[in-house]
Structures are given as structure tokens and as C-alpha cells.
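Please read the structure below before turning to the comments.
In what follows, chains carry the letters A, B, and so on, assigned in the order in which the sequence lines appear, proteins first and then strands, with residues in each chain numbered from 1.
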Number of protein chains: 2
Amino acid sequence: MATLYYHPTPEEVTLLPLLRAVADPVRLGIICHLHSLGEANCTTLLRGRPKSSMSHHFQVLREVGILHTRVEGVQHRNTLRLTMLEERFPGLMSSILRGYAIDPASP
Amino acid sequence: MATLYYHPTPEEVTLLPLLRAVADPVRLGIICHLHSLGEANCTTLLRGRPKSSMSHHFQVLREVGILHTRVEGVQHRNTLRLTMLEERFPGLMSSILRGYAIDPASP
DNA sequence: CTTATTGTTCGATCAACATAAAACTATGAA
DNA sequence: TTCATAGTTTTATGTTGATCGAACAATAAG
């Protein structure tokens, strides 16, 4: 069975859960790393962490609308939903990504 | 004794604590309410909540650099440090404030 | 000095959440 | 089939942090 994930529509993306999702060191790292890579699977971003932890964070990011997961064979390819996010909350993600570049002292 | 508070310098303001501080429904409400008022004391922003809770949230917001507390007599007047924040992390606060206007469904 | 107002600090409680091991599912290759 | 790879789900644990009552501190006014 093809494992599919639910991805919220733009209207379903709300500010507070978005902020909560971003306000975690691991997830902020994932977001910014993913931004620099464009697309990546789960394993690529584990940096010594257990897979179950990564899977959890990816789930959180997916459910609040930050990333999209595309299943391709065994791998799950993740991308940021930047265009949608930029329309929904203009400037938010871009300023966070820029902020991380300014102060990457987070994770 | 004049009660003084420590306010972090711009360099001491870091992204992750800032995001954590904002990612709370009560504090997000305080921030946006304060933005519309310009300046306000603690009591003005209690909306049925106990003072001790408000005091806690104001402390968090102060310590991460989001607001400045000016003591005037018995009252503590709070203002957002928007100019500093805009220099430190351009676009961040403004996009959050705009985001709250778009989706105020938070608190 | 006494009282009222404003806000902080202390202490306890409770819930949310990050972490991680272990078992499981799903796909692809040998 | 059988094995390997990629990721999820389950379950448990521990920690952080929000909440709120009660006591305290500081200033102003009577």
C-alpha cells in the first residue's frame, strides 16, 4: 500500500502551531538544513539522532504545514512548502531562515 | 529601592529563545495587544488571568528582548522593542504581527 | 503610620512534549 | 523467499514550563 500523508491546505495552516513547530532547536535545524538542500529524506538529516526522533519531528513539521513529504520507493523525500507559507504568512519563513543565518547558535 | 530590570542588548537577543517566547498563545496575545496600544502596564493586559501569570509572561518577554519595562511609580510600563528587533532579525516581528492579524485564532 | 495599588516571588501542581528503545510496516533487491 | 533499507508506531521516561494561590516588596496617598 502506498503510504500517503495528509498535508494541510493553506487555510488549515495556523500561526501558533507554526510558531510552536519552529521553536524547537532540532526542527529549526531541520528546516534550515532542508532549505539549503532543497529536498532530503529523513536519514540524510539524522545527525546522530535516533530515527524515531527524526520521524517525530518530520511528522510535526508536516502536520503544521511546513514541509511536504513525497514517497518514492522506500524513501520519503521532504521539501519545504515555502511558496504556500509565503502566501499564507508573508515574510514569516523567510525572516526565520534569514534569522538562522544571522544567529545559527540554536542547535 | 528603584526596581530595575535587565534588558538584553541586541547581540544578546537570539533566535531560538525569541521564537520560543512568541510560540505561546498568551504571550502572542500580549505582544499583539501591546503593539496596538503602544505602551501598557501589566494590569491593563490581564484578561481575567491572575497577576502572577502575567508577571511570568512579561518576564519571559523581557528576558528574550521582546519588550522593555519602564518603571514609573507603582506601575511598570511595557513597550515592544520593535526597532531593535527589526535591526537584529529583520522582518521577523513584523511578519508575526501581520500573521496574527491574518489569523488571530490563537488565544 | 496605615492603607491601597501594582507587581514580583515562592511553591506546588499538572500537562505537554522531546527523547529513545523496540517492534513493526513497506518497498526493493538478491 | 529472504534479506536489507527506510521510516513509522508504540510505549515509556524524564524534563520543561504554564498556571495559580499566597505571601511579599515597593511606591503613593490619606
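Separating the OH atom of A:Y5 from the P atom of D:dG7 is a distance of 9 Å, rounded to the nearest angstrom. In this structure, B:Q59 places its CD atom 14 Å from P of D:dT19, rounding to the nearest Å. Across the protein-nucleic acid pair, A:K51 atom NZ and D:dT10 atom C1' stand 15 Å apart, rounded to whole Å. The interatomic distance linking A:Q75 (CD) with C:dT25 (C1') rounds to 16 Å, in whole Å. Atom pair B:M54:CE and C:dG7:P shows a separation of 12 Å (rounding to whole Å applied). Counting to the nearest Å, the P atom of C:dT6 and the CZ atom of B:R70 are 16 Å from each other. As a whole-Å value, the separation of B:N78 CG from C:dT6 P is 14 Å. Rounded to whole angstrom, the span from the CZ atom of B:F58 across to the P atom of D:dT19 amounts to 13 Å.
Relative to the side chain of A:V74, the nucleotides C:dT8, D:dG7, C:dA26 differ in distance, and C:dA26 lies closest.
Applying the salt bridge (Lys or Arg N to Asp or Glu O under 4.0 Å) rule to B:R70 yields the partners B:E39, B:E72; only residues at least two apart in sequence or on another chain are considered. For B:D24, the side chain to side chain contact (heavy atoms under 4.5 Å, CB included) partners at least two apart in sequence or on another chain are B:V26, B:R27, B:H57. In this structure A:L37 satisfies the side chain to side chain contact (heavy atoms under 4.5 Å, CB included) test together with A:H33, A:A40, A:T44, A:L45, sequence neighbours excluded.
Using modelled atom types, one side-chain atom of B:D103 and one backbone atom of A:L15 make a donor-acceptor pair closer than 3.5 Å.
Taking a 4.0 Å limit (strictly below) on heavy-atom distances, residues 34-46 of chain A does not reach DNA chain C anywhere.
The two atoms that bring B:S95 and A:P90 nearest to each other are CB-O, 3.5 Å, heavy atoms only. Here the closest non-hydrogen pair linking B:A21 and B:V60 is CB-CG1, 4.0 Å.
Between its opening and closing five pairs, the helix from C:dC1-D:dG30 to C:dA30-D:dT1 changes axis direction by 10°, a value rounded to 10 degrees.
Comparing B:R77 and A:E72 by the nucleotide of DNA chain C that holds the closest heavy atom to each, the one mapping nearer the 5' end is B:R77.
One distance of note links NE2 of A:H68 with CG of A:L61; it measures 14.0 Å at 0.5 Å rounding. Atom OG1 of A:T79 is separated from atom CD1 of A:I66 by 12.5 Å, given to the nearest 0.5 angstrom. To the nearest 0.5 Å, the span separating CD on B:E12 from OG1 on B:T9 amounts to 3.5 Å.
Between A:H76 and A:Y5, the ring-plane angle classifies as perpendicular under the 30° and 60° cut-offs.
For the side chain to side chain donor-acceptor pair (under 3.5 Å) with A:Q59, the qualifying choice from A:E63, A:H56, A:R62 is A:E63, the only one to do so.
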Pull out every protein N or O sitting under 3.5 Å from an N or O of nucleotides 15-20 of chain C, one pair per line with the distance.
residue : atom : partner : partner atom : Å
C:dA18  : OP1  : A:R27   : NH1          : 3.4
C:dA18  : OP1  : A:R27   : NH2          : 2.8
C:dA18  : OP2  : A:H56   : NE2          : 2.9
C:dT19  : OP2  : A:H57   : NE2          : 2.5
C:dA20  : N7   : A:S52   : OG           : 3.4

